[in-house]
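What follows is a set of notes on a single structure, which appears directly below.
Residue numbering restarts at 1 for every chain, and letters A, B, ... go by the order of the sequence lines.
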Amino acid sequence: MPLITLPDGSEKHFPEPVSGFDIAASIGSGLAKAALALEVDGVQRDLSTTLSHDARVRILTAKDVEGLDVLRHTLAAQVLARAVKELYPQARLAIGPTIDTGFYYDVDFPEPISPEALPAIEARMQEIVAENLPVTREMWPRDQAIDYFQHKGEHYKAQIIQAAPAEESYVSLYRQGADGADVFMDLCYGPHLPTIGKAGSAFRLTSLAGAYWRGDSNNKMLTRIYGTAWPSEKALKAHLRMLEEAEKRDHRKLGRQLDLFHSQEEAPGMAFWHPKGWTLWQQVEQYMRAVYQHTGFQEVRCPNVLDVKLWKASGHWDNFKENMFFTASENRDYAIKPMNCPGHVQIFKQHLHSYRELPIRLGEFGSCHRNEPSGSLHGLMRVRSFVQDDGHIFCTEDQIHDEVVAFTRTLQQVYADFGFTDILYKLATRPEQRVGADAVWDKAERALQQALDGQGINYQLNPGEGAFYGPKIEFSLRDGIGRVWQCGTMQVDFSMPGQLGAEYVAEDSSRRTPVMLHRAMLGSLERFIGILIEHYAGHFPLWLAPVQCVAMGITDHQADAVQALAGRLRQQDLRVETDLRNAKVSYKIREHSLQKTPVILVLGNREIERDTVTVRRFGSNVQQTLPVTELIERLRAEISSKRLPETPMNAAA
RNA sequence: GCCGAAUUAGCUCAACUGGUAGAGCAACCGCCUUGUAAGCGGUAGGUUGGGGGUUCAAGUCCCUCAUUCGGCACCA
């Protein structure tokens with residue numbers, strides 16, 4: 001007779017086999033109502049599952065990540081799928097999994113459908129939920145299931161079963177409706193909600209998109225219907241608000257509004273940086289230049305155009321020629337550099353190095369071009385022309401560990417300085433298409449792993465995601481509205497130095513090939529600045545703000561004093577603009593507030609008499625009058641702290 | 001690259017089933033000398049993304065190219 005152990009450690013004896021319903025009901029009627037599925041010894045099961053043996057059981061509700069996932073799964077696989085089949089009987093269903101915010105279903109429609117079709121499908125979904133039919137699991141012999149789906153024309157489902165491991169002789173199907181009802185039935189691992197009504201109504205269909213069958217671009221493109229689903233209307237609304245917020249922060253929109261950059265048809269995937277955007281860029285670049293200096297890097301600069309033979313030797317031609325730009329002159333073929341590393345190897349090779357000199361660290365802010373597929377371009381986030389905080393470390397195998405540790409520590413500080421404190425780590429190991437012997441890969445992967453483990457860092461393993469020349473650690477940060485961006489990278493490369501002929505003289509005076517570490521913290525500066533814009537919603541901390549202060553008078557009688565004040569502040573390295581237009585103060589305040597200028601300085605006759613200035617911070621309507629010398633002191637302190645003011649009112653003013 | 005959608009004044013957007021392209025903001029010119037998120041008046045601004053076609057007539061329908069957006073695939 002089963003002994004059920006609950007997550008809090010309590011135990012319940014049952015005289016006979018029990019279902020998940022019974023267990024939930026035995027704990028409380030509220031839970032019985034909220035229960036969506038079970039977790040039995042760590043495996044998700046239907047609530048109807050009968051347990052006859054001892055087990056650790058967790059009742060899943062929409063409050064659990066897993067319970068919500070079951071809800072979303074049922075919405076996709078039972079509700080959306082059924083609605084689509086009822087409205088489009090000729091449509092063929094492929095797969096319908098869950099995602100972070102909801103679910104999608106890939107469907108092969110005989111005729112393309114347009115986004116206008118979504119409201120009707122969604123309305124049908126609501127009706128299906130309201131019908132509240134039960135959902136039950138059935139185990140079918142594999143061949144019988146294949147026949148069933150093939151007979152119905154659902155050949156994608158048949159293919160899915162055929163692709164399953166041969167030893168699985170039964171597959172599970174979920175039937176909607178009472179015993180044997182022929183309302184809707186689909187292949188699914190489950191679990192599902194016990195009844196459709198438990199899905200609730202906090203869901204929306206959000207968009208349509210193309211998606212390749214099985215994610216392979218050689219296959220047919222299906223239509224993907226995206227939906228979002230939440231435990232409550234409130235949570236749904238919160239999610240929709242977050243999307244609105246993300247839209248408001250969109251760096252493309254803010255880039256235009258704040259006059260930071262633009263792009264135009266003639267240069268797809270490349271940014272034109274305007275004065276303010278370039279000022280922001282320079283803050284980032286100069287900061288990273290200082291980081292290079294503090295961490296033993298020497299900055300270099302290599303040509304943008306190099307003979308293709310170099311790219312053939314490095315392996316890039318074989319792997320990436322489709323995505324490179326080329327040019328030719330006097331019967332020689334050149335490539336526009338897609339990365340800096342081969343150039344850095346050329347610099348390394350200009351001298352014969354002793355092992356005593358290693359590690360040699362070279363850094364560059366060189367412009368790289370990659371001919372990214374047109375469909376992948378996205379604002380500053382994915383561009384064809386970019387600059388990385390790119391560095392290469394030439395070292396011995398023994399030095400890898402310490403270099404990785406030092407890099408990780410610096411990266412944490414750098415991210416914190418930019419306002420990011422939540423960092424995620426991934427270790428990506430050997431891909432299928434690669435160069436180098438397995439023994440070398442073993443060594444490289446181990447070195448990275450030990451460096452992470454040694455620092456007590458939790459990381460996720462990403463098998464098969466390494467670069468063709470070596471494994472890598474990927475560093476991601478979480479932004480102000482919870483999105484994760486991969487920025488930093490540390491890659492071990494045992495191949496390229498040898499292929500490009502780099503070597504050093506070891507203790508025993510033999511010639512050896514150095515290891516090369518490819519590393520970047522911000523990645524593409526374009527993209528990182530895009531992330532910064534969205535993270536801060538254009539409201540940059542003082543040290544990054546393109547224009548830190550704007551100074552204005554009440555009337556044009558104060559113009560000279562405003563100019564003089566601006567001059568004084570500029571002497572202190574503050575970025576100051578003046579607004580001497582003949583307009584009301586409130587008009588100018590509004591404009592500079594929309595521009596998110598952090599500090600607005602107003603001079604009237606009162607201030608001029610006492611050498612004071614009235615300060616208004618972005619985000620606050622508090623005015624504070626203080627001596628100019630004190631203002632300078634406070635602003636300089638805020639800049640060196642690199643932080644946003646705790647509350648706008650207490651900052652600098 | 002693939003699927004779908006979009007492209008109208010500097011910006012944000014209108015223009016019913018084909019029938020004279022408009023508004024707000026910005027710009028420019030005046031007036032106002034102004035104390036913390038929009039003072040008042042006036043002026044100018046467009047080959048409706050490019051090219052082709054259908055039609056008496058095209059922003060609107062068709063074809064094509066480009067770019068952008070949402071995804072997919074790719075991402076050294």
Side-chain angles (χ1 to χ4, degrees), chain A residues 104 106 109 112-117 206-226 247 250 252-253 256-257 259 262-269 311 314-324 337-342 368 370-379 381-384 388 390 431 433 435 465-470 472 486 489 491 493 496 518 523-524 527 552-559 581-595 600-607 614-618 620-623 625:
Chain A
Y104 65 78
D106 284 351
F109 286 98
I113 65 165
S114 77
E116 285 83 62
T206 50
S207 60
L208 278 185
Y212 298 108
W213 167 233
R214 294 206 159 132
D216 185 336
S217 57
N218 297 312
N219 288 344
K220 181 166 186 181
M221 180 157 274
L222 312 175
T223 302
R224 177 168 296 179
I225 302 175
Y226 278 97
E247 204 175 319
D250 190 312
R252 293 163 296 196
K253 194 169 166 179
R256 197 167 40 237
Q257 281 169 3
D259 198 17
H262 86 273
S263 65
Q264 62 188 51
E265 264 189 46
E266 289 80 358
W311 304 104
S314 71
H316 290 95
W317 203 82
D318 285 338
N319 285 282
F320 294 106
K321 62 174 178 297
E322 301 303 323
N323 296 312
M324 289 166 69
K337 72 173 174 183
M339 55 189 335
N340 299 306
C341 34
C368 294
R370 295 180 184 176
N371 195 8
E372 304 286 3
S374 56
S376 67
L377 301 179
H378 180 93
M381 301 305 189
R382 187 81 180 268
V383 287
R384 286 186 174 149
Q388 287 170 290
D390 198 10
Q433 198 190 2
V435 297
E465 296 292 315
F468 72 86
Y469 48 70
K472 58 186 177 187
Q486 195 238 305
T489 184
Q491 310 177 2
D493 184 350
M496 198 186 298
H518 306 247
S524 144
R527 179 165 170 276
M552 64 184 72
I554 303 291
T555 70
D556 47 16
H557 299 311
Q558 292 90 29
R581 291 175 302 174
N582 178 15
K584 285 192 148 187
V585 178
S586 54
Y587 178 85
K588 294 199 261 191
I589 295 279
R590 176 181 150 80
E591 277 204 358
H592 296 292
S593 297
L594 290 173
Q595 286 295 306
I600 295 176
L601 304 172
V602 179
L603 282 187
N605 292 334
R606 291 204 295 270
E607 288 84 358
T614 298
V615 184
R616 177 189 169 119
R617 296 300 306 251
F618 175 80
S620 163
N621 56 10
V622 172
Q623 301 170 42
T625 303

(message) Within the 4.0 Å heavy-atom criterion, would you say A/D556 contacts the bases, only the backbone, or no part of the nucleic acid?
(response) base
(request) Tell me, with the steps shown, if A/H518 and A/T489 meet side chain to side chain contact (heavy atoms under 4.5 Å, CB included). (result) CA-CA 8 Å; A/H518 306 247; A/T489 184; over 6 Å; no
(message) Regarding A/G470, tell me which of base, sugar-phosphate or nothing describes its non-hydrogen contacts under 4.0 Å with the strands shown.
(response) nothing
(request) Check every strand shown and say whether A/Y104 touches a base, only sugar-phosphate, or nothing at a heavy-atom separation below 4.0 Å. (result) nothing
(message) What contact category does A/L594 fall into here, base, sugar-phosphate, or nothing, at under 4.0 angstrom with non-hydrogen atoms?
(response) base
(message) Considering every strand and a 4.0 Å limit on heavy-atom distances, what is the contact class for A/Y212: base, sugar-phosphate, or nothing?
(response) base
(message) So for A/R214 and B/A73, does any side-chain atom that can act as donor or acceptor lie under 3.5 Å from a complementary atom in the base?
(response) no
(request) Give one of base, sugar-phosphate or nothing for A/T555, where a contact means two heavy atoms less than 4.0 Å apart. (result) base
(message) Please determine whether a side-chain nitrogen or oxygen atom of A/K472 lies at a distance below 4.0 Å from atom OP1 or OP2 of B/A76.
(response) yes
(request) Identify which nucleotide among B/A76, B/U67, B/G39 has an atom closest to any side-chain atom of A/P268, counting heavy atoms from C-beta outward. (result) B/U67
(request) Could you check which of B/A76, B/A38, B/G71 has an atom nearest any side-chain atom of A/A209? (result) B/G71
(request) Send over the distance from A/H262 NE2 to B/C11 C1', rounded to a whole Å. (result) 14 Å
(message) Once you apply a heavy-atom cut-off of 4.0 Å, does A/Q491 come out as touching a base, just sugar-phosphate, or nothing?
(response) sugar-phosphate
(request) Give a yes or no answer on whether the side chain of A/E591 reaches the backbone of A/S586 with a donor-acceptor pair at less than 3.5 Å. (result) no
(message) Under 3.5 Å, is there a donor on one side chain and an acceptor on the other for A/E607 and A/T614?
(response) yes
(message) With a 4.0 Å limit, can you tell me whether A/H378 has a side-chain N or O closer than that to the phosphate oxygens OP1/OP2 of B/G70?
(response) yes
(message) Check the phosphate of B/G10 against A/R256, side-chain N and O only, distance under 4.0 Å to OP1 or OP2. Yes or no?
(response) no
(message) Closest approach to the side chain of A/M221, judged atom by atom: which nucleotide of B/A26, B/G70, B/C72 is it?
(response) B/C72
